[in-house]
Amino acid sequence: DQQVKQNSPSLSVQEGRISILNCDYTNSMFDYFLWYKKYPAEGPTFLISISSIKDKNEDGRFTVFLNKSAKHLSLHIVPSQPGDSAVYFCAASGFGNEKLTFGTGTRLTIIP
Amino acid sequence: KAGVTQTPRYLIKTRGQQVTLSCSPISGHRSVSWYQQTPGQGLQFLFEYFSETQRNKGNFPGRFSGRQFSNSRSEMNVSTLELGDSALYLCASSHQGASNEKLFFGSGTQLSVL
């Protein structure tokens, strides 16, 4: 069973516009959420995280929103830049569940 | 500080063979996790080692095994390879492996089984 779901395999956005990547989860025990970015031939790199006590976390152009009642989180990138073209994975973990559970990824393409 | 190093970068094997992949974590990191990435499946958790002990295990068959050495370096072994084992195998390290720690990934080993 896929406990973390990214229902959009791909997304194309014009440079300068907002990119919104979505992630849903089913396990109510998850209380820590992360986004990773992956370029081809490289390992994923940490982007931003949020704990369940917050509903928003910002880091420069990147903002993550968490809606616990809907079991939904989203990553906003504003403004989108060509270097943002990559695969984005959301991941979740919970107390006592020390492993990260990853989604299937969304390939973001920024169109110049 | 050097990052997570995985060797080899690429491997080609045939069905039935066995393979060993290696991972050197960031200096000072004691937790090493292994993930399998396949198209459409995302990153699937294999196992996690901490202080030479397997602490967590994912839902993979017993053909997949691993170990960790006293210097925190880790190896992963897959025996009796199947075509479906073709994937990118990623190793990640963290200080303690706590649920709220971010993982640092290596570039992976791309395994092709023919």
Side-chain angles (χ1 to χ4, degrees), chain A residues 1-10 21-27 29-54 57 59 62 64 66 86-107, chain B residues 2-10 21 23-26 29-51 53-60 66 87-110:
Chain A
D1 65 331
Q2 194 72 31
Q3 297 188 67
V4 178
K5 300 176 186 178
Q6 293 177 257
N7 292 318
S8 298
S10 63
L21 295 92
N22 294 303
C23 180
D24 298 296
Y25 61 96
T26 57
N27 189 337
M29 298 300 291
F30 287 147
D31 63 359
Y32 189 66
F33 305 89
L34 308 90
W35 285 92
Y36 282 81
K37 175 179 177 179
K38 185 180 185 300
Y39 293 118
E42 295 182 15
T45 54
F46 170 78
L47 196 56
I48 193 169
S49 63
I50 188 168
S51 78
S52 59
I53 62 172
K54 292 185 169 184
N57 188 27
D59 184 2
F62 303 92
V64 56
L66 176 62
V87 177
Y88 289 78
F89 292 96
C90 69
S93 68
F95 179 78
N97 177 22
E98 294 177 351
K99 69 178 178 70
L100 280 181
T101 301
F102 283 82
T104 52
T106 296
R107 181 178 301 279
Chain B
V4 178
T5 304
Q6 289 188 248
T7 56
R9 286 297 306 272
Y10 303 94
L21 313 181
C23 172
S24 293
I26 290 173
H29 285 191
R30 295 168 63 192
S31 169
V32 174
S33 300
W34 289 89
Y35 286 83
Q36 180 196 65
Q37 184 190 1
T38 53
Q41 291 294 317
L43 276 70
Q44 302 286 313
F45 173 75
L46 282 152
F47 28 66
E48 184 226 357
Y49 284 86
F50 182 82
S51 292
T53 301
Q54 187 180 88
R55 193 162 62 172
N56 270 301
K57 190 177 188 306
N59 297 322
F60 277 80
L88 179 67
Y89 290 88
L90 291 160
C91 164
S93 74
S94 64
H95 280 106
Q96 301 288 337
S99 60
N100 61 351
E101 271 190 316
K102 64 184 180 186
L103 298 179
F104 293 84
F105 284 86
S107 297
T109 294
Q110 184 68 52

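On a predicted model such as this, the values are computed, not experimentally measured, just so you know.
With a threshold of 4.5 angstrom between heavy atoms, Tyr36(A) approaches chain B through side-chain atoms but not through N, CA, C or O. At a 4.5 Å heavy-atom cutoff, the contact between Leu43(B) and chain A is made by backbone and side-chain atoms alike. Gln37(B) touches chain A through its side chain: at least one heavy atom from C-beta onward sits under 4.5 Å away, while N, CA, C and O do not. Neither the backbone nor the side chain of Phe104(B) comes within contact range of chain A, judged by heavy atoms closer than 4.5 Å. Both the backbone and the side chain of Leu103(B) come within less than 4.5 Å of a heavy atom of chain A.
Side-chain contact between Thr104(A) and Gln41(B): absent, with no pair of heavy atoms (C-beta onward) separated by less than 4.5 Å.
Summarising the local packing, NZ of Lys57(B) is surrounded by more than 12 heavy atoms from other residues, nucleotides or ligands at distances under 6.0 Å. The local environment of CZ in Arg9(B) is crowded, with over 12 non-hydrogen atoms from other residues, nucleotides or ligands closer than 6.0 Å.
For Ser107(B) against Ala41(A), the heavy-atom pair with the smallest separation is CB-O, 4.0 Å.
Across Tyr39(A), Phe89(A), Phe102(A), the residue that shares the most heavy-atom pairs under 4.5 angstrom with chain B is Phe102(A).
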Is there a side chain to side chain contact (heavy atoms under 4.5 Å, CB included) between Leu88(B) and Lys38(A) once you walk through the steps? CA-CA 13 Å; Leu88(B) 179 67; Lys38(A) 185 180 185 300; 3.9 Å; yes
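The OG1 atom of Thr101(A) lies 9.0 Å from the CD atom of Gln44(B); values are rounded to the nearest 0.5 Å.
Listed by sequence position, Gly43(A), Pro44(A), Phe46(A) are the residues of residues 43-51 of chain A in contact with chain B, using a 4.5 angstrom heavy-atom cutoff.
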